[in-house]
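Encoded as structure tokens, the structure appears first; notes follow it.
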Amino acid sequence: MTYTTQAGARCGLYLVSAGIGDPDSITVKAQKTLRGVDIVFGIPRLLEAFADLLDGKELHKAGHGLFSPLARRDTPEEEVDAMEKQTRDIIHAAAAAGKTVAVLDYGDAMIFGPQSGYLSEFSELNPVVIPGISCFNAANAALARDVTGGKHSRSVILAASADTRDDYTGSDTLDKLAATGSTLVFFTMRADLPSLVERLARHLPGSTPLAIVAHAGADAKQAVLRATLATVLARTENEKPPFEHLVYVGDFLG
């Protein structure tokens with residue numbers, strides 16, 4: 001068996017996660033990486049939040065999720081095309097000049113993340129991913145429960161709850177996920193909570209514990225709601241949770 005390693009190799013492009021929510025979630029390795037590069041791409045609020053760390057570097061604004069379908073959800077096509085062309089030109093010119101580049105963004109770069117498109121777009125540069133604390137890790141800490149410590153399940157499934165949208169055609173339907181009996185963690189974002197609850201209730205009893213963690217890792221805004229499948233809609237008073245939230249379903253919460 002042959003393993004590959006990047007130890008000692010010089011990289012031209014780093015995909016750096018700043019963690020989720022609070023800027024303090026950035027890791028020491030991410031800080032060291034940012035200090036060592038010449039050019040940094042990032043969304044404006046991150047470039048501002050880490051201004052001291054990025055002082056003296058060449059900075060560029062980056063769209064969220066460039067080189068992936070994520071960038072085109074809420075932004076006009078021509079605007080995304082222009083941002084991608086500019087980013088592509090700058091990164092290729094930097095690589096040719098022997099300079100290093102970091103793309104800084106929130107969240108976990110490889111869990112429903114905004115940086116995955118760079119891996120294929122700039123594959124010849126062998127991008128290195130610098131992970132941060134994902135919302136999954138932060139939400140686990142907020143719940144203070146062992147997600148693998150359920151009475152009847154030791155497995156955890158991370159899902160996108162895409163099946164709550166009518167246009168989803170994948171095989172990993174909510175019916176199949178719920179039937180496994182595993183603890184389910186939904187990175188919900190655009191999901192419809194009533195639809196999620198209704199579909200899970202087809203296979204799970206109403207007494208199944210459920211928790212919603214909003215703004216995981218953001219000290220000022222983090223909030224946890226604990227309920228069951230039968231009570232969660234009443235507990236939320238039919239209001240949509242904030243965009244940044246996860247839904248946990250499983251007896252480990254009991």
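Excluded from the calculations below are hydrogen atoms, water molecules and symmetry mates; all remaining heavy atoms, backbone and side chain alike, are included.
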Can you tell me if [X] uses its side chain to pair, donor with acceptor, with the backbone of [Y] under 3.5 Å?
| X | Y | answer |
| --- | --- | --- |
| K151 | D251 | no |
| D38 | K99 | no |
| K221 | A214 | no |
| T236 | L233 | yes |
| D192 | S195 | yes |
| T228 | G206 | yes |
| T87 | M83 | yes |
| K61 | F41 | no |
| E84 | F67 | yes |
| S153 | G150 | no |

Report yes if the side chains of [X] and [Y] come closer than 4.5 Å at any heavy-atom pair, otherwise no.
| X | Y | answer |
| --- | --- | --- |
| F186 | L196 | yes |
| L193 | V197 | yes |
| L119 | V129 | yes |
| P209 | R226 | no |
| E121 | R88 | yes |
| V147 | V185 | no |
| V128 | L15 | no |

- Begin from the C-alpha positions of I39 and T100 and carry the test side-chain contact (heavy atoms from CB on, under 4.5 Å) through to its verdict. CA-CA 6 Å; I39 301 170; T100 53; over 6 Å; no
Test of understanding: clusters of I, L, V, M, F, W, Y form through side-chain heavy atoms closer than 4.5 Å, transitively. Do [X] and [Y] belong to the same one?
| X | Y | answer |
| --- | --- | --- |
| M110 | L13 | yes |
| Y14 | L47 | yes |
| L210 | L174 | yes |
| L204 | I212 | yes |
| I90 | L125 | yes |

Any idea which heavy atoms bring [X] and [Y] closest together, and the distance?
| X | Y | answer |
| --- | --- | --- |
| Q115 | V16 | NE2-O, 3.2 Å |
| Q222 | A142 | NE2-CB, 3.4 Å |
| V232 | A227 | CA-CB, 3.8 Å |
| A62 | I43 | O-CG2, 3.4 Å |
| G117 | S120 | O-OG, 3.2 Å |
| Y106 | P114 | O-CG, 3.8 Å |

- Query: What do you reckon, is CD of E198 surrounded by more than 12 foreign heavy atoms closer than 6.0 Å?
  - Reply: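 Count over threshold, so yes.
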- Message: The criterion is ring-ring contact (aromatic ring centres under 6.0 Å, His included); which residues satisfy it with H92, sequence neighbours excluded?
- Response: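 ring-ring contact (aromatic ring centres under 6.0 Å, His included) list for H92, sorted by chain: F122.
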Note: [X]-[Y] ion pair, threshold 4.0 Å (strictly below):
| X | Y | result |
| --- | --- | --- |
| K85 | D81 | no |
| E79 | R72 | no |
| R202 | D175 | yes |

- Message: Suppose the criterion is ring-ring contact (aromatic ring centres under 6.0 Å, His included): which pairs have a residue in residues 125-153, not counting sequence neighbours?
- Response: none
- Item | Positive for side-chain contact (heavy atoms from CB on, under 4.5 Å) with L46, one of L104, L54, V40, I26 |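 Between L46 and the candidates, side-chain contact (heavy atoms from CB on, under 4.5 Å) is satisfied uniquely by L104.
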- Message: Ignoring hydrogens and geometry beyond distance, is a side-chain donor-acceptor pair present between D146 and T148 at under 3.5 Å?
- Response: yes
- Qualifying residues under salt bridge (charged side-chain N to carboxylate O under 4.0 Å, His left out), relative to E237, sequence neighbours excluded: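 None.
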